[in-house]
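In what follows, a single structure is set out as structure tokens and then discussed.
Small disclaimer: the values here were computed from a predicted structure and weren't measured. Reminder, nothing fancy here: chain letters follow the sequence lines and each chain counts from 1.
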Protein chains: 2
Amino acid sequence: MPETLKPIQAEKGEDARQIRGERTRQALLEAAFDEIHQHGYRSASLNDILKAAGCTKGSLYHHFPDKHALGLAAIVDNVDRFMGTTWLRPLAQSTDPISTLLDILQRHVDGEVLCDVRLGCPLQNLSQEMSGLDEDFRTYLNGIHEQWRTAIADALRKGQDAGQVRKDISAEAAATMIIATHQGTVGLIKTAQSTDIGASSFEAFYQYLNSLRTTGNSTPGPKEGLTS
Amino acid sequence: MPETLKPIQAEKGEDARQIRGERTRQALLEAAFDEIHQHGYRSASLNDILKAAGCTKGSLYHHFPDKHALGLAAIVDNVDRFMGTTWLRPLAQSTDPISTLLDILQRHVDGEVLCDVRLGCPLQNLSQEMSGLDEDFRTYLNGIHEQWRTAIADALRKGQDAGQVRKDISAEAAATMIIATHQGTVGLIKTAQSTDIGASSFEAFYQYLNSLRTTGNSTPGPKEGLTS
DNA sequence: TCCCACAAACCGACCGGTTGGTCTAGTATT
DNA sequence: AATACTAGACCAACCGGTCGGTTTGTGGGA
């Protein structure tokens, strides 16, 4: 115990207890998310979460009032980050919305986004399980959908203004359908336990998305011409 | 084995016990389906099912070996019938696949198919919950998806032969995407607890489906011109 | 026609196990 | 000493499933 270091920690106000507490909190969030992702919220066992997080009931109920709060926090923590990096940011920065969408979707089909096909998309799993059961979860998940829809619609509108996207379609309606088709495809993949069916769905989806381009606008394949 | 008597016995063999047994069996299947539809398979309580069916544990385990068998039987019983009347038969009898599809989808948006928006589509709920968990359920549900996909693809191919549907698209891919989009839309409706978003998705979906028609082919609205 | 053996159908108390959640005792840091 | 944190025994409620026993109706022998 080097005593010279101790005061420094104190001066910084870095309470070692708080640090440790924060670490177990994070461990709990992570373990909870994994458990929920694997088994769903209702079937997620607190004991299993504790085992994975390496702590005990006492710790859990010190940091969270109940299972509901733990689950919601774990979901929010993870989904917010995922949506931001995978969808919202790329779309906001895009100069060619159709190509950006094709790119994101292709990465799903390639299995680069969903770590495990069998588990499906956490957002979809949770929406499916909880939206009819718990209003807090539902409100949050629906909000995510809204953000998502708005991000796609905005990108499409921007594309319309730039003359890349046909103006005779409703950006909102197209955005809604794009989300529906994407979510539906992920669901099919999960049930089939195979990405083949996803590729089949994407084949038609690819044609549809390209049909949204203004005539004469180039239609690069999903794997090329959009890395810039 | 007196062969002359058997037919007589068989004919007389209207055993009242068997009839009653069959009735409670049906009651169990129905109650089980409702419970599973509401709470999912894993959260479906046998005691609640028994309460709804008006019988006891003993009866249940006389008719079914375990919860798994009961659940599967209830699902098969219901989903098979639903798929046949809602999708397979109309598509097989259709002379205009695109219009038939639009009609079926419109009826979903109008809330005529899903009895309760909040509960979502049983097929989707189960696929989502069980396909990563139980191989028996998954195999069955995946088979249903295959039937569904084949029915749509066949109808589209028939339309291609008849010159109503564009020949430059893959009927299989289009069928897969149609299912995905439909399932995804139902999922969105469930999360939003409102059919508005379904109408939005359908607006774009409607355009897409009509784009599959051969150019020059009439594009009647979803509500007219396809009742014949 | 009567009667009874027999089995299908049904009953519900009970079982071990698991669930989410509580509570008290104790530890480590300031 | 004060306080944030952790530990884990414990709890009632509920889970799916078991089991010994009762009811019910029927077919075959007398």
Heavy-atom side-chain proximity of [X] to [Y] below 4.5 angstrom:
X         : Y         : answer
Ser131(A) : Asn142(A) : no
Phe64(A)  : Leu72(A)  : no
Tyr206(B) : Leu105(B) : no
Arg42(B)  : His39(A)  : yes
Phe137(A) : Thr191(B) : no
Leu60(A)  : Thr24(A)  : no
Phe33(A)  : Ile49(A)  : no
Leu101(B) : Leu91(B)  : yes

Return the value, rounded to whole Å, for the distance between atom [atom1] of [X] and atom [atom2] of [N].
X        : N       : atom1 : atom2 : answer
Leu60(A) : dG21(C) : CG    : P     : 9 Å
Glu22(A) : dA28(C) : CD    : P     : 21 Å
Arg20(B) : dC10(C) : CZ    : C1'   : 7 Å
Arg25(B) : dC10(C) : CZ    : C1'   : 16 Å
Asp66(A) : dG21(C) : CG    : C1'   : 9 Å
Glu35(A) : dT19(C) : CD    : C1'   : 13 Å
Phe64(A) : dT6(D)  : CZ    : P     : 11 Å

Tell me if the CD atom of Glu30(A) is crowded by more than 12 foreign heavy atoms within 6.0 Å. no
Would you please confirm or rule out a distance under 4.0 Å between OP1 or OP2 of dA4(D) and any side-chain N or O of His63(A)?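 No, no such contact exists.
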So does His62(A) get a side-chain nitrogen or oxygen closer than 4.0 Å to the phosphate oxygens (OP1/OP2) of dC5(D)? yes
Pairs under 3.5 Å (N/O, protein and nucleotides 12-16 of chain C):
{"unit_1": "dG12(C)", "atom_1": "O6", "unit_2": "Gly58(B)", "atom_2": "N", "d": "3.0"}

Contacts satisfying side-chain hydrogen bond (donor to acceptor under 3.5 Å, both in side chains) that involve residues 75-85 of chain A (not counting sequence neighbours) are Asp80(A)-Tyr140(A)
Under the criterion side-chain hydrogen bond (donor to acceptor under 3.5 Å, both in side chains), I'd like the reasoning laid out for Asn125(A) against Glu129(A): C-alpha separation, chi angles, the key distance, then a yes or no. CA-CA 6 Å; Asn125(A) 292 354; Glu129(A) 179 187 6; over 6 Å; no
Correct closest heavy-atom pair for His37(A) and Pro122(A) would be CE1-CG, 3.5 Å
Cut-off 3.5 Å, no hydrogens considered: what does the side-chain donor-acceptor table look like for residues 176-189 of chain A, sequence neighbours left out?
{"unit_1": "Thr176(A)", "atom_1": "OG1", "unit_2": "Arg149(A)", "atom_2": "NH1", "d": "2.7"}
{"unit_1": "Thr176(A)", "atom_1": "OG1", "unit_2": "Glu172(A)", "atom_2": "O", "d": "2.8"}
{"unit_1": "Thr176(A)", "atom_1": "OG1", "unit_2": "Ser200(B)", "atom_2": "OG", "d": "2.9"}
{"unit_1": "Thr181(A)", "atom_1": "OG1", "unit_2": "Met177(A)", "atom_2": "O", "d": "2.9"}
{"unit_1": "Thr181(A)", "atom_1": "OG1", "unit_2": "Thr181(B)", "atom_2": "OG1", "d": "2.7"}
{"unit_1": "His182(A)", "atom_1": "NE2", "unit_2": "His108(A)", "atom_2": "NE2", "d": "3.2"}
{"unit_1": "Thr185(A)", "atom_1": "OG1", "unit_2": "Thr181(A)", "atom_2": "O", "d": "2.7"}
{"unit_1": "Thr185(A)", "atom_1": "OG1", "unit_2": "Ser201(A)", "atom_2": "OG", "d": "2.9"}

For DNA chain C, what residues of residues 128-139 of chain B have any heavy atom nearer than 4.0 Å?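 Nucleic-acid contacts, sorted: none.
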Where along residues 42-54 of chain A does a heavy atom fall under 4.0 Å from DNA chain D?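 When residues 42-54 of chain A is checked for heavy atoms under 4.0 Å from DNA chain D, there are no hits whatsoever.
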Residues of residues 67-75 of chain B with a heavy atom under 4.0 Å from any atom of DNA chain D, listed by number, are Lys67(B)
State whether Arg157(B) and Asp154(B) are salt-bridged, where the test is any N-O pair (Lys NZ or Arg NE/NH1/NH2 against Asp/Glu carboxylate O) under 4.0 Å.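 Asp154(B) and Arg157(B): salt-bridged.
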